[in-house]
Every structure is written in structure tokens, then in C-alpha cells.
There are 2 protein chains.
Amino acid sequence: MRTEGPGASAGLAQPLTRARWLAADLRARLLAGEWPRGSRLPSETELAASYQVSRVTVRTALKALESQGLVDIRHGAGTFVADFGVAIRAGLQELGSITQTIRELGHEPGMEWRTVEQRPATAAEADRLHLPAGAPVLAMERKILSDGEVVAYSYDTIRLDILPPGAVEEIGRGSVFEVLERFGVRPRRAFARLHAVQSHEVGWGSRRPTNGLYLLLDQVHYSPGAVPLMYSRTYFVEGAFEFVIIRTA
Amino acid sequence: MRTEGPGASAGLAQPLTRARWLAADLRARLLAGEWPRGSRLPSETELAASYQVSRVTVRTALKALESQGLVDIRHGAGTFVADFGVAIRAGLQELGSITQTIRELGHEPGMEWRTVEQRPATAAEADRLHLPAGAPVLAMERKILSDGEVVAYSYDTIRLDILPPGAVEEIGRGSVFEVLERFGVRPRRAFARLHAVQSHEVGWGSRRPTNGLYLLLDQVHYSPGAVPLMYSRTYFVEGAFEFVIIRTA
DNA sequence: GAGTGGTCTAGACCACCCT
DNA sequence: GGGTGGTCTAGACCACTCA
């Protein structure tokens, strides 16, 4: 029986349910190497008993770890420490800030703003954000770094009407998600499309990829009430990030 | 109270649980336009009562529809018919045959084999399939069509030792998944990586994309027992398919 | 056959939205 | 305040794996 709890790992602020707490705790134990690769974890019934929660809660936590590629649940056999590959990579189905993901992977995130400006929305932006054409938005262009290397270029547009006064000045100095969170704006869902892009117009500055190849994550973030908050086009430098999806039948 | 049940839609053969049945039934009603876009569905309690299942089962079904982008579940407000866009697109987190997905989108799937051959595995293939170097595999190269248009080029490698005699001859005449299914080989999980690729070596034949841009889905399919079955590299022609991911916090 | 995960239930309480 | 979804429980039964 453990009592300490999971290490403080923020991400998007969530209500800390028992299932999420359990998942974080097991995740920490897994990453700490408490169980060897390929070995079996305690059964769901055992985990339920030792953590004093119901089996359903244990299953919820384990399924989250499975979708992150950390464990492998096999019917009738048990739950095993995943043996898929070497590193923990960026899962796509969980929403989170890129900065946070980079930090969790053990790297030092960085950011370089190119522009932050208020301007009328373009037609495409207005469409995605359900705004009348030309409504004012906050537009940003920035580079996202990991250990000093450029991993992505991001073009983001935020609705101005959902930003409380004062927030505009804060943005441009840190993680966009973290600023939004501080002002009570919490994206809870995103609708993302994926594209392959080749262009020399996307990146800027020195050390931009010579082949101009990017994986574009084109997404609209929504508040809990399904109000579109932000439209992002993030161009990930091909090869800099590994996108992983666990697909299940 | 309904009694008919969901339209016969195959996909990968699954145990037909109540939750899956319910999801398929609601999906059919949604696609039939029974509820207008943006309108509220009956509450979970009402659905549970009318389908004679528990609320947990209703929730499981609704969450599946949410991850397909069909509905929008809002805490405290209700579950709404999604208003995100026009069409139903290919979700990435659910495992299924491409042929089947194309059919569900209302198009006519097609396939053109270029090669089907038995040969020793390359180093990369052996690694992904957990085979000794040079072990025999069945390698295929094919074009995937939708209404006669090329949507993807796929390079697939199947372990020979898991194929029963007779299966080899069948492959090359239809959906690979469907043949495997008929012989009792059921992929249940896939570990997929995404890449942007630009190359003129990938496609072949006439009407291949002139810009050579592809979204590569590089994946290993596993059996329920976590045995690697098939290694696929599917190059989707950029723009021909729309990949959609619903990301939740 | 013993043990594991997969599904399902009925009921409870909480957090949130709306009016 | 009334209704909706979000989480959780304790217990049950089934399907699968493995020795």
C-alpha cells in the first residue's frame, strides 16, 4: 500500500479524480522502473485492494496508461509493462500543451515569439472560430524549441472576446495554455486534422529544416461549452517529434 | 423503445457487446438525420431507460460516438449532435480496415496489387515483427482506391508462421483484414507512428501525385496476445483522405 | 481449473449548466 | 433549483489464457 501519491505533474489542470491520481501514480512507478519491461503488473483485483478503490477505477487508470503506450493489457493473461520501444513519446489523443509534453519527455522546452498582434480575423480563421468575418483576434507566430532545437512552428489565433483584460499582455511570455488557465479559460476538447506539408514559407530564422517537410496539426480548441477558443496550426518539423497513436479495435 | 438494431456494418469482427450495439444503433439514427445538427439527444438516463441498459453502458456508447466526432458531450448541459463540419471522416484511434472506412464514407473502395511475394524479412521488418533476421514473410505492395482515385500506397509485411495454409493464396484478392479474419487471425491493437514524407519513389503507375507528398502511417498490428502480426507502411496521398482526431483533456 | 481481464448493473453522490 | 453529465462503488457473470 502506497501513500505518497503521484509526483506533481501539471499539464492541463484537471479535476484530480481517483482514476487520474492512480494513473499518475502507476505512471511514476513504471517510469521509475519498479517493474521490468515485459513483466506483469499486479492484477486489477490486487491493485484495487491495495489502493482501496473499486476495480472499475483501476481499469480506467490502466486504460489511460495503455493509450499512452505504457502498458499492454491482455485479456486473460494480465497487464504488462509495454515493450514496444525505447522512449515515451507524444501521444496524440490526449490534449495537452506542447511545452508540457516536452518537459515530460525530459527535455527543456523553449519558445521564441516572432509576432503577437491584434488584427481582424481572416476568412478561414473566422470560419473556424465561429466569428463574423473581420472580428478582432489575437494572432501569434512562434517557434517551439526542445533543448534549443526547433521542433515546431506554430500559428495560433485566439478569440479576443474570451480573453479577460490583462491576459493579452501576459501572452507572449510563456506557455499559452498556462496563461489561459490562469485566467480561467480552459480548453477541454480539440478537433484536429493532420496533414503532410512541404513548404519553405512555414519556418523562419536560421536552422530551419532544409527539406521544408512538416506534419501539420490543424486544430480548433473548444471550451467545455463547445465555444471555439483558439485556432492553431502547428507545423512539426518532420523527424523532430514522434507522434504515436495506440489504435484499438 | 427500439427493437430493430443497428444496420449490419462489419469492420473488424468484435464481440457484439451491448455498448457496441447501442453505439451502432445511435450512429445509424444520427446518420439518418433523426436529430438535427446541434440539437440535444435524450439524456443518458432517458436513453438508459428506453434501451433497458444501465447508464454506464449508455455512457460507453456515447463516448465512442464522441471519439468519432459524431456527438458533443457537455457536462451539465447534455449531449448534442456534433456541428463540427460536414462529413464523417476517418478517425484515427479506432482500428479498422481502410477498405471498410472508405465504404462507410459512402465511396466505392478498390485495390490494385503490384506484388505479393514470399521473401526473407529485411532487417527493419524483422525488428518490428520480432522475427530473426531473414525469416520468411509475405510482402505486398498495393494501391488503395476510392471511387477509382488513388488514396494510398501500402507496403505490408505479414509473418508467414501465423498464416494457416491456404491463406496465402487468398491474399491478393480482397481486403487483407477480411482474409485474416476468415482464417481466425484477428488484429486487436496497433502501434502507429505518423510521418510526413516527400518522395517520388513511393507511388507508381499513372496519376500518381506530382508533388510526392504523403502522410505515412507506420504501424505494427498485434494479436490479442501481443504477438506482432503485420507491419504496414501506408502512404496516404496528402489531401485524398482527411485524418481527424478528437483530443480530450 | 484457477486466475486474469471484459462487460454490465443499480444505485449513489458530486460538479456543472441553465433559467 | 432542477436536470444533466462525471465519477465511483460492490458485486456479478462471462471470455480468455495458461499451466
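On a predicted model such as this, the values are computed, not experimentally measured, just so you know. Throughout, protein chains are lettered first and strands after them, A, B, ... in sequence-line order, and every chain is numbered starting at 1.
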If the threshold is 4.0 Å, N to carboxylate O, is there a salt bridge linking R74(B) and D72(B)?
yes

Check ion pair D218(B)-R128(B) (N to O, under 4.0 angstrom)
yes

Checking all strands, does T60(A) fall into the base, sugar-phosphate, or nothing category for heavy-atom contacts under 4.0 angstrom?
nothing

Just checking R18(B): base, sugar-phosphate only, or nothing, at a heavy-atom cut-off of under 4.0 Å?
sugar-phosphate

How close or far is atom C1' of dT4(D) from atom CD1 of I73(B), stated in whole angstroms?
12 Å

Closer to the 5' end of DNA chain D via nearest nucleotide, is it V56(B) or T45(B)?
T45(B)

Pairwise 5' ranking along DNA chain D for S54(A) and E46(B), keeping only the more 5' one:
E46(B)

Mind checking whether F241(B) and F236(B) have parallel, tilted or perpendicular rings, split at 30° and 60°?
tilted

Test side chain to side chain donor-acceptor pair (under 3.5 Å) applied to D127(A) - qualifying residues, sequence neighbours left out
none

Could you tell me from which nucleotide to which nucleotide of DNA chain C, 5' to 3', there is an atom under 4.0 Å from chain B heavy atoms?
dT7(C) to dC17(C)

Sequence-aligned protein contact record of nucleotides 14-19 of chain D, with B where the base is within under 4.0 Å of a protein heavy atom and S where only the sugar-phosphate is:
-BBB--

With rounding to the nearest 0.5 angstrom, report the OG1 to CG distance, T79(B) to L26(B).
10.0 Å

P42(A) and L47(A): which non-hydrogen atoms are nearest, and at how many Å?
O-CD1, 3.7 Å

Steps toward side-chain hydrogen bond (donor to acceptor under 3.5 Å, both in side chains) verdict (Q219(B), R233(B))
CA-CA 6 Å; Q219(B) 58 185 339; R233(B) 281 163 301 147; over 6 Å; no

Exercise: do T57(B) and S54(B) side chains pair donor with acceptor under 3.5 Å:
yes

